[in-house]
Engineer: 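I'd like to ask you about the structure that follows.
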Amino acid sequence: MMKQLPFKQKLSHVALLSVLLAGMTACSDGEDGKDGQPGEPGGQVSTSAKVLTLTIDQTSITDNVLTIDFRAENELAIPVIKINAFKINSAQLLPELEGERSQWQKLVGETCSPSKGCPGELVDNMDGSYRYTLAQPLVNGGISFDDSLTQRVLFTALETDNIPATEVISDFMVDGMEVSNNRSIINADTCLSCHDDIASIKHGGAHLENCASCHTSNNMDNPDAIWPVLAHQAHIGVIPQALGQCTTCHSKEVNEQHKQATNWHQVPTRETCSSCHDMSSNPVYDHSTQPDNSNCLTCHAPDNTYDVHMSASEKAVEGDERNIVNIQLEQAKLVEKNNQYFAEISFALLDRQGQRISVPDGNPANADWIKNLQLYTNWGTSVDFTTSRGYSIFVKSNKKDITQDGSDGITPPGERARTPLYKSEDNVFTYLMGPIVTQDAISGDLIDDAGFITNRLIYCFDAGQNLVSCDQAGHTKNAEANKRWFFNKDGLTTAPEAKRPVIVSNKTCGSCHGYDEFNDNSELGCRNCHSRDTEINHELANTTCFSGHDHDELGEHVRPFKERAMVAKGKPGFLSSTADIVDPCLACHNPNTPPTQAIREMHTKPSDWDYVEQLTVSHPDHKVWMHSLHTNQRATQDRENGVRNIEYPADKANCYRCHEGDTFGVDRLTAVGRPLALDLDYDPDSRAHPATDISVNAYTSPVSATCYACHAKHEDANGNMVINKAVRAHMEQNGGRFGVAAHELQVESCGVCHSVMNLKEVHNLD
């Protein structure tokens with residue numbers, strides 16, 4: 001019995017030329033008016049294509065054997081003949097039944113190649129049309145073709161010297177009815193916010209349909225390789241957004257193209273949920289009394305599943321919790337005292353109505369609803385700042401400092417030392433910071449340059465968004481969105497020349513890390529990475545931002561690493577107080593900040609042959625840090641340990657993924673870039689804060705360090721990332737210097753060869 005399946009599926013529109021050529025091919029070249037002989041090419045045809053368009057015209061099934069009629073055209077709408085390298089996969093969709101999710105089942109797959117031919121029968125009509133009949137019947141793993149179910153055909157022309165790899169996919173019902181369920185859950189565009197394309201993720205085609213149709217329960221021996229489980233587990237521990245934020249990939253509502261988009265909370269199953277939640281050993285998720293998925297919705301109603309994953313975050317966004325209190329900078333300028341310059345910074349705290357908030361005794365440090373209030377500032381925007389870790393106004397800190405005993409009269413024992421309030425008037429609070437470095441041997445006189453200020457404010461409130469004590473039971477806390485202010489020696493300014501050039505942005509970083517368009521912040525927080533607890537952290541700082549380490553029973557330093565143990569939970573309602581990951585990060589993560597003591601002791605030592613190189617690629621300077629972090633160059637990233645390794649999902653050479661325009665050129669760094677400060681000596685047993693226990697005694701050239709952050713290492717025979725000495729040698733030949741005294745630095749000539757146009761060429765950028 002033959003079943004005709006009437007449908008057409010095209011990858012692109014056919015131009016008018018296609019119609020004209022199709023008409024021409026129907027006529028012979030002779031003068032007798034007779035049709036040409038069957039099987040002979042009629043009209044213009046081609047054997048090659050730069051862009052290939054495939055069309056499936058008809059599919060028929062006879063005795064469970066599939067036959068496909070398809071056509072091929074090139075970018076000029078000319079029929080393409082002699083295609084003999086392709087593969088066909090067929091699948092069908094088992095519907096939802098008694099709580100079980102719908103799931104694709106692979107039926108059959110066959111591949112034709114020039115060397116081995118085709119297992120089935122290929123007919124090339126030499127006019128761009130083909131027919132292929134598979135050799136195998138539609139059955140796999142005990143699952144046979146069922147004409148009542150949604151069917152899928154995936155046809156892929158394989159890449160050859162003449163044609164590019166091209167896919168066409170069709171979902172259809174045998175009776176010609178409209179497809180109501182094809183398990184279209186994920187919009188592939190969400191994948192492409194991080195990945196360059198689907199084909200580059202792993203293997204098996206350029207569309208998600210390939211993944212879902214092959215990684216099926218009847219085609220995979222490993223249950224972890226079934227598509228919903230595999231897709232989740234592949235992202236656990238490496239996803240650049242909060243784990244549990246289902247709408248990073250899933251949609252909140254269905255649409256015409258993705259009719260099953262809400263299955264993530266509408267159809268819970270053990271298989272899918274256990275890909276994130278430990279249902280085997282964690283008693284909280286023990287479902288051993290449930291033999292199948294038929295009762296899942298009894299407890300896990302769709303609204304409940306949605307809420308536990310998303311409600312805290314969505315409530316915070318809908319309630320605009322990041323803007324309950326705002327810092328308004330009233331003034332910032334330089335003042336001279338004893339032949340030194342200090343930054344005089346004045347600000348007010350505003351409520352939603354824009355009114356100044358009064359605080360006890362006119363001192364914001366006395367406001368019990370403030371958990372943390374800091375202003376970060378630095379000077380020298382044109383040279384990416386002059387001072388290591390900048391200058392911080394600590395009005396009140398949620399960080400611990402065991403050296404504080406309360407003897408200064410303003411800091412409670414154990415809290416990070418507070419900055420004295422300089423003056424307070426009409427609920428405007430003024431602080432002095434400094435002395436500010438406005439000139440040095442590296443950048444010269446910068447008194448006419450500009451400074452930068454950013455905020456960090458965490459406050460507590462109740463259900464009615466009334467500010468309440470952070471010690472009150474049941475309170476909620478959130479962080480004000482990050483802002484940026486610029487000032488010169490005379491006051492606040494919005495002049496373009498006072499600002500750093502826009503090199504990367506929260507929007508470009510947010511393509512992976514999530515973007516808060518309203519506040520122009522990313523959704524990335526410090527604790528996305530700084531999440532490792534150690535005993536010394538709790539002792540000295542009580543924060544995972546502290547770069548400390550523990551000791552074993554022999555007194556040896558222990559790496560504060562462990563196997564990724566990500567706990568799947570809903571997206572938090574608390575949004576990071578450091579979510580602007582551009583200029584505010586650079587205020588501290590700048591060239592003047594050497595690698596911490598933890599890096600120097602635990603990951604590289606002066607006796608190591610690659611000590612200076614490892615310090616350079618592990619430098620906290622923002623541009624070096626970001627490049628080396630995403631390319632696994634840092635000393636904390638190695639194949640053996642691997643806990644901090646980044647599985648960057650896109651082409652690492654594509655500078656446009658992060659940079660705005662052509663800002664990856666080296667001209668600015670050559671002209672005004674500051675060298676990276678290094679500390680080649682250290683005391684591994686110092687009890688000082690290891691992030692600030694530094695003494696600058698060497699430098700690395702700025703352009704070399706930045707390029708080195710991607711190119712320093714390569715994989716050795718064992719798959720470990722190791723320093724490639726040839727790279728440093730090349731840079732030194734062109735003026736780069738590594739770990740030298742300030743007077744040994746030279747002007748780098750990298751830009752002579754590595755112009756923006758050259759960088760585009762070698763990085764394959766359009």
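Reckoned from all heavy atoms, side chains included, excluding hydrogens, waters and symmetry mates.
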Engineer: With side-chain contact (heavy atoms from CB on, under 4.5 Å) as the criterion, how do D224 and Q233 come out once you've worked through the C-alpha distance, each side chain's angles and the decisive distance to 0.1 Å?
Structural biologist: CA-CA 8 Å; D224 289 340; Q233 291 189 343; 3.8 Å; yes
Engineer: Checking S213 side chain against N210 main chain: does a donor-acceptor pair fall under 3.5 Å?
Structural biologist: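 Looks like no, no N/O pair under 3.5 Å.
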Engineer: Just by modelled atom types, is the H589 backbone N or O under 3.5 Å from a matching donor or acceptor in the T593 side chain?
Structural biologist: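 No.
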Engineer: Between H195 and P649, what is the shortest heavy-atom contact and its length?
Structural biologist: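 That would be ND1-O, 3.2 Å.
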Engineer: For K605 and Q614, which I'm curious about, is there any donor-acceptor pair between the side chains at under 3.5 Å?
Structural biologist: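 Q614 and K605 do not have a side-chain donor-acceptor pair below 3.5 Å.
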Engineer: Is there side-chain contact between T247 and W264, with at least one heavy-atom pair below 4.5 Å?
Structural biologist: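 Yes, close enough: below the 4.5 Å cut-off.
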Engineer: Partners of C585 by disulfide (SG to SG under 2.5 Å), sequence neighbours excluded?
Structural biologist: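 C585: no disulfide (SG to SG under 2.5 Å) contacts found.
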Engineer: Got more than 12 heavy atoms from elsewhere within 6.0 Å of NZ, K507?
Structural biologist: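 12 or below, so no.
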Engineer: Measure the CE-SG distance between M279 and C273 for me, rounded to the nearest 0.5 Å.
Structural biologist: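 If I round to the nearest 0.5 Å, the distance is 6.5 Å.
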Engineer: Between E748 (side chain only) and S704 (backbone N and O only), is there a donor and an acceptor less than 3.5 Å apart?
Structural biologist: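 Yes.
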Engineer: Do any N or O atoms from the side chain of N506 and from the backbone of I581 form a donor-acceptor pair under 3.5 angstrom?
Structural biologist: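 Here the side-chain-to-backbone pair exists.
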Engineer: Tell me, with the steps shown, if K760 and D662 meet salt bridge (charged side-chain N to carboxylate O under 4.0 Å, His left out).
Structural biologist: CA-CA 9 Å; K760 288 182 180 181; D662 293 344; 3.0 Å; yes
Engineer: Looking only at heavy atoms, what is the nearest atom pair of L669 and T706, with distance?
Structural biologist: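 Smallest heavy-atom distance, with atoms named: CD1-OG1, 3.4 Å.
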Engineer: Just so I know, are the side chains of S628 and C710 near enough to count as touching, which here means a heavy-atom distance under 4.5 Å?
Structural biologist: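 Not in contact.
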Engineer: Mind checking whether Q105 and S217 have side chains closer than 4.5 Å, heavy atoms only?
Structural biologist: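 The answer is yes; the side chains approach within 4.5 Å.
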Engineer: Indicate yes or no for a side-chain donor-acceptor contact from N632 to the backbone of I646 under 3.5 Å, with no hydrogens or angles considered.
Structural biologist: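 Checking the backbone N and O of I646 against the side chain of N632, a donor-acceptor pair under 3.5 Å is found.
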Engineer: Which label fits H513 and H630: parallel for a plane angle under 30°, tilted from 30 to 60°, or perpendicular past 60°?
Structural biologist: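 Geometry flag for H630 against H513: perpendicular rings.
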Engineer: ring-ring contact (aromatic ring centres under 6.0 Å, His included): which pairs involve residues 693-752, sequence neighbours left out?
Structural biologist: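 Matches after skipping sequence neighbours: Y708-F738.
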Engineer: Quick check: do I163 and L158 have side-chain heavy atoms less than 4.5 Å from each other?
Structural biologist: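 The answer is no; the side chains never approach within 4.5 Å.
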Engineer: Just verifying a value: how many Å separate S576 OG and L524 CG, rounded to the nearest 0.5 Å?
Structural biologist: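 Answer rounded to 0.5 Å: 7.5 Å.
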Engineer: Quick one: does S90's side chain have a donor or acceptor within less than 3.5 Å of a partner on L107's backbone?
Structural biologist: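 Checked: no pair found.
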Engineer: Measure the shortest side-chain to side-chain distance between V696 and P594 over non-hydrogen atoms and say whether it is less than 4.5 angstrom.
Structural biologist: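 V696 vs P594: side chains touch.
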Engineer: For I503 versus T663, what's the shortest heavy-atom pair and its separation?
Structural biologist: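 Scanning both residues, the minimum pair turns out to be O-OG1, 3.0 Å.
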Engineer: Kindly say whether L680 contributes a backbone atom to a donor-acceptor pair with the side chain of N697 at under 3.5 angstrom?
Structural biologist: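 Yes; judged by distance alone, with no hydrogens or angles, the pair exists.
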Engineer: Quick check: closest heavy atoms across K713 and R634, and the distance to 0.1 Å?
Structural biologist: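 Looks like NZ-O, 3.5 Å.
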Engineer: For residues C707 and M731, determine if any side-chain heavy atom of one lies less than 4.5 Å from a side-chain heavy atom of the other.
Structural biologist: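 When only atoms from C-beta onward are counted, M731 and C707 do touch, with a gap below 4.5 Å.
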Engineer: Would L208 and C191 satisfy side-chain contact (heavy atoms from CB on, under 4.5 Å), going step by step from the backbone distance to the final call?
Structural biologist: CA-CA 9 Å; L208 286 177; C191 306; 3.9 Å; yes
Engineer: Applying salt bridge (charged side-chain N to carboxylate O under 4.0 Å, His left out), name anything that partners K725, two or more places apart in sequence or on another chain.
Structural biologist: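 Partners of K725 under the salt bridge (charged side-chain N to carboxylate O under 4.0 Å, His left out) test: E613.
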Engineer: C112: what forms a disulfide (SG to SG under 2.5 Å) with it, not counting sequence neighbours?
Structural biologist: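 C118.
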Engineer: Is any side-chain heavy atom of C658 less than 4.5 Å from a side-chain heavy atom of M626?
Structural biologist: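 In short, these two side chains do not touch, never coming nearer than 4.5 Å.
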Engineer: Find the distance between CG (L678) and OG1 (T700) and round it off to the nearest 0.5 Å.
Structural biologist: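 Between L678 CG and T700 OG1, I get 4.5 Å after rounding to 0.5 Å.
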Engineer: CZ/R500 to CG/D583 distance, rounded to the nearest 0.5 angstrom?
Structural biologist: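 One finds 5.0 Å between CZ of R500 and CG of D583.
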Engineer: Keeping to residues at least two apart or across chains, list the salt bridge (Lys or Arg N to Asp or Glu O under 4.0 Å) pairs with something in residues 194-215.
Structural biologist: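 Output for this query lists D196-R657.
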Engineer: Run the numbers on N140 and V108 for side-chain contact (heavy atoms from CB on, under 4.5 Å), then give the verdict.
Structural biologist: CA-CA 7 Å; N140 183 27; V108 68; over 6 Å; no
Engineer: Do T160 and N162 get their side chains close enough for a donor-acceptor pair, meaning under 3.5 Å?
Structural biologist: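 Checked: T160/N162 side chains show no N/O donor-acceptor pair below 3.5 Å.
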Engineer: If you look only at pairs with a residue in residues 209-234, which of them pass as a ring-ring contact (aromatic ring centres under 6.0 Å, His included), with sequence neighbours excluded?
Structural biologist: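 Residue pairs with at least one partner in residues 209-234: there are none.
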Engineer: Do E660 and T508 have a side chain donor and acceptor closer than 3.5 Å?
Structural biologist: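 There is no such pair (donor and acceptor under 3.5 Å, judged by atom type) between the side chains of E660 and T508.
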Engineer: Looking at every heavy atom in both P702 and L676, which two are closest together, and how far apart are they?
Structural biologist: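 Here P702 and L676 meet closest at CA-CD1, 4.5 Å.
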Engineer: Treating S701 as the side-chain partner and R737 as the backbone partner, does any N or O pair qualify as donor plus acceptor under 3.5 Å?
Structural biologist: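 Yes: the side chain of S701 pairs with the backbone of R737.
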Engineer: Hey, is CD on E744 packed in by over 12 heavy atoms from elsewhere, all under 6.0 Å?
Structural biologist: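 Yes, the 6.0 Å shell around CD holds more than 12 heavy atoms from other groups.
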Engineer: Output the distance between atom CD (Q136) and atom CD (E110), rounded to the nearest 0.5 Å.
Structural biologist: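 Output value for this atom pair is 4.5 Å.
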Engineer: Can you spot which of N592, L586, V672 makes a side chain to side chain contact (heavy atoms under 4.5 Å, CB included) with D384?
Structural biologist: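 Single pass found, and it is L586.
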Engineer: Out of curiosity, C249 SG to D189 CG, how far, rounded to the nearest 0.5 Å?
Structural biologist: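 If we round to the nearest 0.5 Å, C249:SG and D189:CG are 12.5 Å apart.
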Engineer: Quick check: closest heavy atoms across L759 and G665, and the distance to 0.1 Å?
Structural biologist: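 For L759 and G665, the tightest heavy-atom pair comes out as CD1-CA, 4.2 Å.
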Engineer: For a side-chain contact (heavy atoms from CB on, under 4.5 Å) check, start with the C-alpha distance between I694 and T596, then their side-chain angles and the critical distance, and finish with the verdict.
Structural biologist: CA-CA 8 Å; I694 53 177; T596 64; over 6 Å; no
Engineer: Any donor and acceptor pair, going by atom type alone, linking the side chain of E523 with main-chain N or O of A579 inside 3.5 Å?
Structural biologist: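 The answer is no, because no donor-acceptor pair under 3.5 Å joins these two groups.
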Engineer: Is the backbone of L154 close enough, under 3.5 Å, to the side chain of E167 for a donor and an acceptor to pair up by distance?
Structural biologist: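 Side chain of E167 to backbone of L154, a donor-acceptor pair under 3.5 Å: no, none is there.
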Engineer: Report yes if the side chains of D681 and S695 come closer than 4.5 Å at any heavy-atom pair, otherwise no.
Structural biologist: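 Sidechains of S695 and D681: no contact.
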